[in-house]
Every structure is written in structure tokens, then in C-alpha cells.
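Step one of this worksheet: look at the structure below.
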Amino acid sequence: MVRDIHVDVHHASQDRADVGHQTETDSGGWDTDLVPSSPGRTVRPDADCPVEIALAAVSGRWTTLVLRELMHTELSFGALRQRLPDISPKVLADRLHILRERGLVAQERLPGFPVRTRYALTESGRLLRPLLIELYRTGEMLGAPPAGPSGGGPSPQST
């Protein structure tokens with residue numbers, strides 16, 4: 001009988017329109033600056049998590065450099081190769097293909113012979129600018145030598 005009452009109370013609470021699930025109505029201990037919405041409130045990697053989506057957008061060797069070069073102008077394949085001389089043609093073609101699949105880069109074939117192709121960031125691609133800036137700043141801070149207790153010089157452990 002106690003079980004029946006518990007089940008009835010549970011069903012009654014679920015049937016009320018003004019009652020949501022706990023994860024939707026309460027932060028549940030989540031840092032709301034880091035996880036402001038439910039798609040990020042996951043306990044394992046999830047492709048729908050906004051952080052995972054952003055990381056996937058810039059993942060891959062050379063990807064951030066290709067994005068950086070396209071951030072302010074359209075460029076041909078050859079111009080990208082000139083700006084990034086150490087990237088192989090195969091890797092550049094692969095990165096551009098992936099960025100097009102992700103909807104971050106648009107490809108335009110220009111008329112004439114030989115065929116020329118121009119690449120430009122899409123609106124979604126331009127949204128990555130603040131992320132790239134912040135990644136750079138964070139990388140600078142993480143890569144800086146740690147300051148000693150007085151804010152500079154060698155730490156006591158290094159002497």
C-alpha cells in the first residue's frame with residue numbers, strides 16, 4: 001500500500017504542467033557561468049554539448065590557422081598556401097573540405113580557365129573569432145613561465 005501511494009504521488013507530480021524535471025528548473029549544483037543551459041549538463045562527452053560543438057569546429061592540426069587566414073578576406077587555395085607555406089596541399093584541401101562540411105567555410109568556383117576557387121568564412125565561421133582570440137589569450141597565459149612568490153624571478157624550488 002505504501003508503494004501504491006508513492007507511485008500515485010509520483011504520477012500526480014509528473015502530470016502537473018507547472019512542474020518540470022529537476023535538471024530543467026534547478027541548476028542542480030552546475031556552475032551556471034560554465035553550463036548555462038541543459039545541453040551542457042552532461043556527465044560524459046556528448047556531440048550536442050555546446051562546448052563539444054565549438055571544440056569540434058576548431059579541431060584538427062592547421063584548422064585554426066586556416067580559419068585565422070580567412071577571418072578577414074576571401075582567399076584562393078594558392079593564396080592560402082602562400083600564407084601557410086608549410087602546409088601540404090593535401091592537408092590544406094582536407095581542412096577546407098572539413099570546414100565546408102561543418103558549414104564554416106564557403107567555396108566559390110570562379111568562371112574561366114583554369115578554374116579558380118575562392119574560400120570565405122560563412123557567418124557561422126565568423127562566429128569563431130572571439131573563441132580563437134580567447135584561446136590565444138589563454139594559451140599565452142598557460143605558456144608563460146610561472147611567477148615566483150614575489151611575482152617574478154625564479155621560484156624557491158628552482159634554486
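In what follows, every heavy atom counts, from backbone to side chain, and hydrogens, waters and symmetry copies are set aside.
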Over all atoms of both residues, closest heavy-atom pair of [X] and [Y]:
X   : Y   : result
E69 : L75 : O-CD1, 3.4 Å
S76 : A79 : OG-N, 3.0 Å
P50 : G40 : CD-N, 3.9 Å
R41 : P36 : NH2-O, 3.6 Å
P39 : D48 : CB-O, 3.9 Å
L92 : R81 : CD2-CG, 3.6 Å

Would a hydrophobic clustering, with Ile, Leu, Val, Met, Phe, Trp and Tyr connected at side-chain separations under 4.5 Å, put [X] with [Y]?
X    : Y    : result
L34  : W30  : yes
L132 : L121 : yes
M71  : L65  : yes

Query raised in the report: So, are R126 and E123 salt-bridged, with charged N and O less than 4.0 Å apart?
Result: yes
Query raised in the report: Going through the checks in order, is the side-chain contact (heavy atoms from CB on, under 4.5 Å) test met by V58 and L131?
Result: CA-CA 9 Å; V58 298; L131 174 63; 4.1 Å; yes
Report task. Can you sort out the partners of R129 under salt bridge (charged side-chain N to carboxylate O under 4.0 Å, His left out), two or more places apart, ordered by chain and number? Result -> none
Within a strict 4.5 Å, meaning less than it, do heavy atoms of the [X] and [Y] side chains meet?
X    : Y   : result
Q107 : L96 : no
L84  : R68 : yes
R44  : T42 : yes

Report task. May I ask you to decide if A56's main-chain N or O and R102's side chain share a donor-acceptor pair within less than 3.5 Å? Result -> yes
Requested in this report: Step by step, work out the side-chain contact (heavy atoms from CB on, under 4.5 Å) result for L80 and L70.
Outcome: CA-CA 8 Å; L80 280 166; L70 292 172; 4.2 Å; yes
Requested in this report: Could you check F77 against T117 for side-chain contact (heavy atoms from CB on, under 4.5 Å), going step by step and ending with a plain yes or no?
Outcome: CA-CA 7 Å; F77 188 90; T117 306; 5.7 Å; no
Query raised in the report: Rounded to the nearest 0.5 Å, how far does CG of L99 lie from CG of D94?
Result: 9.5 Å
Query raised in the report: To the nearest 0.5 Å, how far apart are OG in S59 and CD1 in I98?
Result: 7.5 Å
Query - Under the side chain to side chain contact (heavy atoms under 4.5 Å, CB included) test, residues paired with V91 that sit two or more places apart - result: W62, I87, S88, R95
Query raised in the report: Where do T63 and L67 land on the side-chain contact (heavy atoms from CB on, under 4.5 Å) test, with the steps shown first?
Result: CA-CA 6 Å; T63 302; L67 290 167; 4.0 Å; yes
